[in-house]
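Residue numbers start at 1 and run along the sequence shown.
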Amino acid sequence: MDNSDLENVSGKGNCKESPTNAAEEILLVYDWECPACDAYCRRVSVRPSAGQLRLVNARETTAVLKQITEAGLDIDEGMVVKTAEQLYYGSDAIHILALCSTRSDLFNKVSHHIFRSRRLSHILYPGLRICRRLLLKILRRTKINNLGVEGKDRF
């Protein structure tokens, strides 16, 4: 995905224009068994003008998970945001959420401040992913393995 894709969704970098019709949903697909991911995703909120945020459990078989798999995106390596027909993966997903956030509370203000920069999102996201892997290994969770890679079922 290039910057023009983000600009199309985010209203030239500030999400003033709706990435979808306000009546449409913004899907946030992530692993509900990851306590860190779940805490973040349940706290993030988007402005009504950006659309309505709907959380999707990546451990359940859904049409959007099939679309993510068909796109070759490994859900164990990053969350996905779907707006209209566009998929945002990993650092791009957290970046687009920051651009569309409400900034109505301290959590959303801090998240917006940190992840509104696409560059900073790309720098920080791998560290967040490493922490997630370590946490899930300690908790003895299995991988989702939506791509069906043999021998890739444990963290």
_Validation row: Lys82, Ile26 side chains within 4.5 angstrom (heavy atoms)_ = no
*Drop me the distance from Leu97's CG to Ser111's OG, to the nearest 0.5 angstrom.*
7.5 Å
*asked:* Looking at Glu33, is its backbone amide N or carbonyl O close enough to the side chain of Arg141 to form a donor-acceptor pair, meaning the two atoms are under 3.5 Å apart?
replied: yes
*Hydrophobic cluster membership, Tyr89 vs Leu147, 4.5 Å side-chain cutoff*: no
_Testing Val80, Thr62, Ile68, Leu65 one by one against Val56 for a side-chain contact (heavy atoms from CB on, under 4.5 Å), which residue passes?_
Thr62
*asked:* My understanding is that only residues two or more places apart in sequence, or in another chain, count here; which of them pass side chain to side chain contact (heavy atoms under 4.5 Å, CB included) with Ser121?
replied: Ser91, Ile94, His95, Phe115
*Check: Leu53 and Cys41 side chains under 4.5 Å, non-hydrogen atoms*: no
_Determine whether a donor-acceptor pair (N or O, by modelled atom type, separation under 3.5 Å) exists between the side chain of Arg132 and the backbone of Asp76._
yes
*Do Val46 and Gln52 pass the side chain to side chain contact (heavy atoms under 4.5 Å, CB included) test, and can you show the C-alpha distance, the side-chain angles, and the key distance before you say yes or no?*
CA-CA 7 Å; Val46 298; Gln52 183 172 349; over 6 Å; no
*Give, for atom CG of Asn57 and atom CD of Glu60, the distance between the pair rounded to the nearest 0.5 Å.*
4.5 Å
*If you take all heavy atoms of Leu27 and Arg54, which pair is closest and at what distance?*
CD2-NH2, 3.3 Å
*Under a 4.5 Å side-chain heavy-atom rule over Ile, Leu, Val, Met, Phe, Trp and Tyr, are Leu136 and Tyr125 clustered together?*
no
*Are Leu128 and Trp32 connected, step by step, through hydrophobic side chains (Ile, Leu, Val, Met, Phe, Trp, Tyr) whose heavy atoms are closer than 4.5 Å?*
yes
*Would you give the length of the straight line joining atom CG of Leu87 to atom CD of Glu70, rounded to the nearest 0.5 angstrom?*
10.0 Å
*Report yes if the distance between the aromatic ring centroids of Phe107 and Tyr40 is under 6.0 Å, otherwise no.*
yes
*Measure from the side-chain N and O atoms of Asn108 to the backbone N and O of Arg43, and report whether any donor-acceptor pair falls under 3.5 Å.*
yes
_Rounded distance (nearest 0.5 Å) linking atom CG of Leu124 with atom CZ of Arg119_ = 12.5 Å
*Please lay out, stage by stage, how Met79 and Arg129 fare under the test side chain to side chain contact (heavy atoms under 4.5 Å, CB included).*
CA-CA 10 Å; Met79 68 175 70; Arg129 193 173 53 227; over 6 Å; no
*Check the pair Thr61 / Lys66 against side chain to side chain contact (heavy atoms under 4.5 Å, CB included), numbers first and verdict last.*
CA-CA 7 Å; Thr61 303; Lys66 288 178 184 176; 3.7 Å; yes
*So does His122 have more than 12 non-hydrogen atoms from other groups sitting under 6.0 Å from NE2?*
yes
_Qualifying salt bridge (charged side-chain N to carboxylate O under 4.0 Å, His left out) pairs, either residue in residues 143-155, two or more places apart_ = Asp74-Lys152
*asked:* For Leu120 versus Ser117, what's the shortest heavy-atom pair and its separation?
replied: N-OG, 3.0 Å
*Are Leu55 and Arg42 close enough that some pair of their side-chain heavy atoms sits under 4.5 Å apart?*
yes
*So if you build clusters from Ile, Leu, Val, Met, Phe, Trp, Tyr with side-chain heavy-atom gaps below 4.5 Å, do Ile123 and Tyr88 land together?*
no
*Apply salt bridge (charged side-chain N to carboxylate O under 4.0 Å, His left out) to Asp92 and Arg118, showing your working.*
CA-CA 7 Å; Asp92 288 324; Arg118 189 166 186 250; 3.1 Å; yes
_With no hydrogens and no angle check, just 3.5 Å: does a side-chain donor-acceptor pair link Ser101 and Arg103?_
yes
*asked:* For a quick check under 3.5 Å, do Asp38 and Tyr30 share a side-chain donor-acceptor pair by atom type?
replied: yes
_Least distance between heavy atoms, Thr102 atom then Arg47 atom_ = CG2-N, 3.5 Å
*Can you name the nearest heavy-atom pair linking Arg59 to Thr142, along with the distance?*
NH2-O, 2.5 Å
_side chain to side chain contact (heavy atoms under 4.5 Å, CB included) assessment of Val149 paired with Asn145_ = CA-CA 7 Å; Val149 178; Asn145 195 12; 3.8 Å; yes
*Same cluster (ILVMFWY, side-chain, under 4.5 Å), Phe155 and Ile144*: no
*asked:* Quick check: closest heavy atoms across Ala58 and Asp31, and the distance to 0.1 Å?
replied: CB-N, 4.1 Å
*To the nearest 0.5 Å, how far apart are OG1 in Thr69 and CG in Asn146?*
3.5 Å
